[in-house]
Amino acid sequence: MEILMSNWTDVQSLPKSYVFPPDRRPGENVFPVCKNVPVIDLEKAEGLDRVETIQQILNASQEFGFFQVINHGVSESLMDDTMSVFKEFYGMPAEYKAGFYSNDINKSCRIYSSTLNYNAEEVHYWRDNFTHRCHPIEDHIQHWPERPARYREIVGIYSVEVRKFLLRILNLISEGLGVEPGYFDGDISKTQLLSVNHHIPCPDPSLTLGMPEHCDPNLISMLQQCSVPGLQVFLEGKWMGVEPLPNAFLVIPGLQLKVISNGIFTSPIHRVVTSSDEARTTIGSFLIPSHDILIEPAKSLLDAGHPPDYKAFTYKEFFSTFTAKNCDAEVALEFFKNKPK
Ligand SMILES: O=C(O)CCC(=O)C(=O)O
Ligand SMILES: [Fe+2]
């Protein structure tokens, strides 16, 4: 069978290799929608409401682990153009996409299906993923697709704008935490990865998943969702749907922020369920520390009453533990946790 589902046509029933065992299926459940996802109005951070906005971000990150952002500075037309370019890319002929197919994480621009472990996994996840590095653009753009014709131009502008947005959020976080200004600039947020999920309509969403449950291993992630829901977070012991808010960005703090904030931030567990009605495409952007950078709880957050919850580690050490642990970021982080005395 053709591996990339974006090349499939006329899918009538769920192939067996996508059917999860009963204990891992989402089932026929109608999942509650998370109604009170915090919405941050970023424009307010530039005016008299700055302190309050920062507090909202911190509260959201502590209580929920994530938040939506409106008035984030990236224009609706750029968001729409970028979404169209990715939908067009997924609709390109199979032979063209085959040129990007790879399960090698060292390949800077690649498309694959399910997870990087496609060949060994027992059950596949219902998704294709296209991913590439974005920063600095001149180091990576030559690896990006040349078709659709507008790809490099539009995705180039989008990547720069998204980076600015995420650095703005990180600056507000550093102000809120009381760590030194500029803490998140430079090598700690240098690597920028774009990750575009695509799920075709699924004949039976009760039997399969679009993405495994996971925490993001990054410093920080953001998601531009399309209008088709699918993202769920695990809150207070149950899965809840996160409905797309038009023109908003969803921000998900990654596990590295949990470490740096010494556990003030939580990194939410989330997964993706599929939809039978329409295809779903989401654009994720991640900021990730450079490999040799040291990650540790920020010194200014520590004192006798607040000892470090984690040992210092390089991102490279974290990442190799992460891949060795089957890309389970939470399990990987356990290795760097200080045990209570
Ligand atoms: O596509 C989505 O809704 C979620 C994506 C995600 O969680 C991820 O890429 O880490
Ligand atoms: Fe994620």
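Whatever order the structure lists ligands and atoms in, that order sets their numbers, starting from 1. Only this structure's heavy atoms are used, side chains among them; waters, hydrogens and symmetry mates stay out.
- Salt bridge Glu175/Arg50: present, at least one basic N to carboxylate O contact under 4.0 Å.
- Residue Asn197 has at least one nitrogen or oxygen atom sitting less than 3.5 Å from a nitrogen or oxygen atom of ligand 1, judged on distance alone.
- A salt bridge between Arg150 and Glu153 is absent, with no side-chain N of the basic residue lying under 4.0 Å from a carboxylate O of the acidic one.
- No side-chain N or O of His140 forms a donor-acceptor pair with one of His132 less than 3.5 Å apart.
- Residue contact check: Leu231 has heavy atoms under 4.0 Å from atoms 3 (O), 4 (C) of ligand 1.
- Atom numbering of ligand 1 starts at 1 in the shown order; those under 4.0 Å from a heavy atom of Thr282 are 1 (O), 2 (C), 3 (O).
- Short contacts between ligand 1 and His270, defined as distances under 4.0 Å to a heavy atom of the residue, involve ligand atoms 7 (O).
- Residues Lys337 and Asp309 are not paired through a salt bridge, judged by the lack of any N-O separation under 4.0 Å between the basic side chain and the carboxylate.
- Distances from the Fe ion (ligand 2) to each N, O or S atom of Asp216 single out OD1 as the nearest.
- For atom 8 (C) of ligand 1, the closest heavy atom belonging to the protein is Met211 CE, 3.6 Å.
- Contact of the Asn218 side chain with the Gln256 side chain is not registered, since no non-hydrogen atoms from C-beta on lie closer than 4.5 Å.
- In this structure, His214 is part of the shell of residues with a heavy atom less than 4.0 angstrom from ligand 1.
- The pair Glu46-Arg168 meets the salt-bridge criterion, since a charged nitrogen lies less than 4.0 angstrom from a carboxylate oxygen.
- The N/O atoms of Asp216, backbone and side chain alike, include one that comes under 3.5 Å of an N/O atom in ligand 1.
- Side-chain contact between Tyr158 and Gln224: present, with at least one pair of heavy atoms (C-beta onward) separated by less than 4.5 Å.
- Among heteroatoms of the N, O or S kind in His214, NE2 lies nearest the Fe ion (ligand 2).
- Atoms of ligand 1 found under 4.0 Å from any heavy atom of Arg280 (numbered from 1 in listed order, with element): 1 (O), 2 (C), 3 (O).
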